[in-house]
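Notes for the one structure printed next.
Keep in mind that what you see is a predicted model, and the values were worked out from it rather than measured.
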2 protein chains.
Amino acid sequence: MDLVEMNYADFTKMILTLKTDIYHQTVQENRNIIHVNKEQTIIKNLEKIFDATLEISNEKGFQAMSMRDLAKGAGLSSGGLYAYFPGKMDLLTMLQKHGRKMVQEILFKLVKDAPDHVSKLRIALKTHLYLSEFMQPWFYFSYMEAKNLSEPERHNAIESELTTEKLFAAIVSQGQDAGLFEPRDPQLTAAIIKAILQDWYLKRWKFSRRNISVDQYANFIVEFVEAFLDVHGTETIRLKN
Amino acid sequence: MDLVEMNYADFTKMILTLKTDIYHQTVQENRNIIHVNKEQTIIKNLEKIFDATLEISNEKGFQAMSMRDLAKGAGLSSGGLYAYFPGKMDLLTMLQKHGRKMVQEILFKLVKDAPDHVSKLRIALKTHLYLSEFMQPWFYFSYMEAKNLSEPERHNAIESELTTEKLFAAIVSQGQDAGLFEPRDPQLTAAIIKAILQDWYLKRWKFSRRNISVDQYANFIVEFVEAFLDVHGTETIRLKN
DNA sequence: TTTTTACTAACGATCGTTCGTTATATTGAT
DNA sequence: ATCAATATAACGAACGATCGTTAGTAAAAA
């Protein structure tokens, strides 16, 4: 699989196994607070609970979501939910951690073994955008409900945000050292990249209203960033879609 | 006052009278639902109520803010609040409308009589950024609590968002017709501009941590956008700060 | 004294959470 | 393979707390 030329369909196929891997990790990490024994059962219900939480919260907010709403959405009773987490706040923390792990794991795994800096930049841009499409409800949720987190968890969320920004800054910086990119400020460039990537999942209604697909937006971002950095030798790598 | 060269200090001086004007408008529009007679009293308390709402909501969310919290923050009793709005939802609607009016009024007023398209672009960028600094709590609030609005009010919020985007798209388009800007897609350019502007008030912690002032960010945005559009004749207009 | 503004106590509704009970699944002896 | 016995999972009524809101009363202004 050539990651540089991947489109969204390729991406989804690629990460399906990774997704269940990370669910196993999440279960393992919360083994002590979950009062259900069979892992199969936990994963099945945890996924239902997470999905329902995202759906309801993204419509009316996490605070406004009652445990009765959630129970109905997840197909459990309100009392039964409490076998999977100690309280509502803990559910929020679990869901945020789970999503962050998924993002970091996949993003760094795909970027790691890119052959050169131009590929690395392009793969990082596409992977981040495709992740935010695949996990759009989580990205939106993570952003809107950050204020409800406890202080240490909010700190983790901020650090995670800065970590991905640093990834982009590092790629830009290394490409500049190799003489491939123009000497723009790496940190500000990374900040702009993040802002544009964020637009995709925060203003989704705008893009769907204008019939812009995720593959179109991916190509637009790649072209925009490469033009901004005046990437040399782009004629050797051709965009697909 | 030369708007093209204004900095944030100039801006705040300029709009102080406009701010009270708009408070009078807001009072007038809600005259029928407010059970207090003296306009002086209304404005004094309404400002306290709005400010407290923004402060508490931006920390814990509008839903999580109880009317008892708000009463304490605004220096009134919980029952006394209800002389100024019929219910919690109406307070949200009032506050959103009030802020939108302020943004639209000031933005279009300052942009209107710019002498040329390059000035128009620069004034629009700076005004929008300075507004989002001056009214940062409202901007953040407006964005985070949009989901709590009623359907017609959410529609108004979206339209307002698109209106400012259209303003930027129109400036870009007109500048291109005059042969001043490169032929980039006006709508996508406007979308990027909005995304970068939004970063300022949504990720404020990032910029304050990095000691970036609003004037520095203004200059950065202006330079970035003008480089992107390859603005000609920028040597005739010089940045101040 | 009259009018205007603000306060306090109280109401019904709904919240997160608990707990005694029921239903379901697994086990082990026949 | 069958069926009690046991262990596991899910249920749902109930609790105290807190929510938005109201109404009768007190304070302040005119």
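With rounding to whole Å, B/Y84 atom OH is found 9 Å from C/dC7 atom P. Taking atom CD of residue A/E39 and atom C1' of nucleotide D/dA9, one finds them 17 Å apart after rounding to whole Å. Atom pair A/H35:NE2 and C/dT18:P shows a separation of 10 Å (rounding to whole Å applied). Atom CG of B/L70 is separated from atom P of C/dC7 by 12 Å (rounded to the nearest Å). Put simply, CG on A/L76 is 11 Å from P on D/dG12, counting in whole angstrom units. As rounded to whole Å, 13 Å separates atom P of C/dT17 from atom CD1 of A/I33. As a whole-Å value, the separation of A/I42 CD1 from D/dA9 P is 8 Å. The distance from atom CG of A/N37 to atom P of C/dT24 is 19 Å, rounded to the nearest whole Å.
Checked against side chain to side chain donor-acceptor pair (under 3.5 Å), A/E39 has no partners two or more places apart in sequence or in another chain.
Atom-to-atom distance recorded for A/L3:CG and A/L110:CG is 5.5 Å, nearest 0.5 angstrom. B/M65 contributes atom CE, which lies 4.5 Å from atom CG of B/L70 (distance to the nearest 0.5 angstrom).
The main-chain N or O of B/N37 is never found under 3.5 Å from a side-chain atom of B/T41 such that the two would form a donor-acceptor pair. Side-chain N or O atoms of B/S57 include none that pairs as donor or acceptor with a backbone N or O of B/L54 at under 3.5 Å.
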Expected string for nucleotides 14-21 of chain D under the B/S/- scheme (protein heavy atoms, under 4.0 Å, primed atoms plus P, OP1, OP2 as sugar-phosphate) is B----BBB
Each nucleotide of nucleotides 24-29 of chain D classed B (base within 4.0 Å of a protein heavy atom), S (only sugar-phosphate) or -, in 5' to 3' order, makes ------
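For the pair A/K19 and A/E47, the salt-bridge criterion is met [side-chain N within less than 4.0 Å of a carboxylate O]. Taking a cutoff of 4.0 Å between a charged side-chain nitrogen and a carboxylate oxygen, A/E153 and A/R100 qualify as a salt bridge.
With a 6.0 Å cutoff to the six-membered ring centre and a 45° limit on the axis angle, A/K88 does not count as a cation-pi contact of A/Y82.
Shown are A/Y217, A/F139, A/Y140, A/Y143; of these, the ring-ring contact (aromatic ring centres under 6.0 Å, His included) with A/Y201 is made only by A/F139.
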